Amino acid sequence: MTTRLNQYKILLTILFSIILSACDKPTYPAGKIEESVLKLCKDEYKLDNVKAKIVGSTLGVYIPVEGLVDPDLKLNQDAGKKIEDVAISIHRVTTSTDMPLKFYILTARDTKTLGAEFMLTGFIYDVVRVRLFDVSRGEYFQRILRDF
């Protein structure tokens, strides 16, 4: 019985050591936030014309989209997919960094239709809360400011 207990203690010690060592360094360090968002967009979603900039505690990301709106002046489905891909990249970076960012603003602007723009403004803490199931997805989507 004592041997079994000692084995569990050793196993728990090793497990906690691994977990704590994984928490040492952030995946996306503070000095590389913009670069990391651009790299994710390019490598995973083939979007190479994205721009990113941090001002204060807000990450701003811009993507030009050809055909943002359809002929009925609604958001084009392909453009919506690109916006979603960029938003996922923003969420991945901002939830895995040591930089104390508070907000993100994602701006997609149509390269052909003058004045067509879609903006999302979100609170990064809400991204964390929805992933931890602290708020529902519906509540999370209500907390995002959309401007089209």
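In this chain, residues are counted from 1 in sequence order. Computed from a prediction, not measured in an experiment: that's the story for all the values here.
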More than 12 heavy atoms of other residues, nucleotides or ligands under 6.0 Å from [atom1] of [X]: yes or no?
X	atom1	answer
R137	CZ	no
L114	CG	no
Y45	OH	yes
E139	CD	yes

If every non-hydrogen atom of [X] is compared with every non-hydrogen atom of [Y], which pair is closest and at what distance?
X	Y	value
T95	R92	OG1-O, 3.5 Å
V65	A108	CG2-CB, 4.2 Å
L101	T58	CD2-N, 4.2 Å
T97	A30	OG1-N, 3.9 Å
P64	T111	CB-CG2, 3.6 Å
L106	I83	CD2-O, 3.6 Å

Please answer whether the main-chain N or O of L68 pairs with a side-chain N or O of R109 as donor and acceptor at a distance below 3.5 Å.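 Looks like no, no N/O pair under 3.5 Å.
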Please check this pair: side chain of E34 against backbone of I54, looking for a donor-acceptor N/O pair closer than 3.5 Å. yes
Give the cluster check for [X] versus [Y]: same hydrophobic cluster or not, with ILVMFWY residues linked at side-chain heavy-atom distances below 4.5 Å.
X	Y	value
I105	V50	no
F118	I144	yes
V128	L145	no
V127	M99	yes
M119	F148	no

Residues D43, K39: salt bridge by 4.0 Å N-O rule: yes
Any non-hydrogen side-chain atom of [X] less than 4.5 Å from a side-chain atom of [Y]?
X	Y	value
L59	T94	yes
V61	V37	yes
I33	V93	yes
L47	V86	yes
I124	Y104	yes

If you apply the rule salt bridge (Lys or Arg N to Asp or Glu O under 4.0 Å), what do you find for K82 with D78, and how did you get there? CA-CA 6 Å; K82 288 180 182 179; D78 291 336; over 6 Å; no
Single hit among R131, Q142, R143 for side chain to side chain donor-acceptor pair (under 3.5 Å) with D126: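 Among R131, Q142, R143, the one that satisfies the side chain to side chain donor-acceptor pair (under 3.5 Å) with D126 is R143.
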Distance from [X] atom [atom1] to [Y] atom [atom2], nearest 0.5 Å?
X	Y	atom1	atom2	value
N76	K74	CG	NZ	12.5 Å
D147	T121	CG	OG1	8.0 Å
L38	L40	CG	CG	9.5 Å
D70	Q77	CG	CD	10.0 Å
H91	S96	NE2	OG	12.0 Å
C41	K46	SG	NZ	12.0 Å

Please state whether the rings of F123 and F103 are parallel, tilted or perpendicular, taking 30° and 60° as the class boundaries. tilted
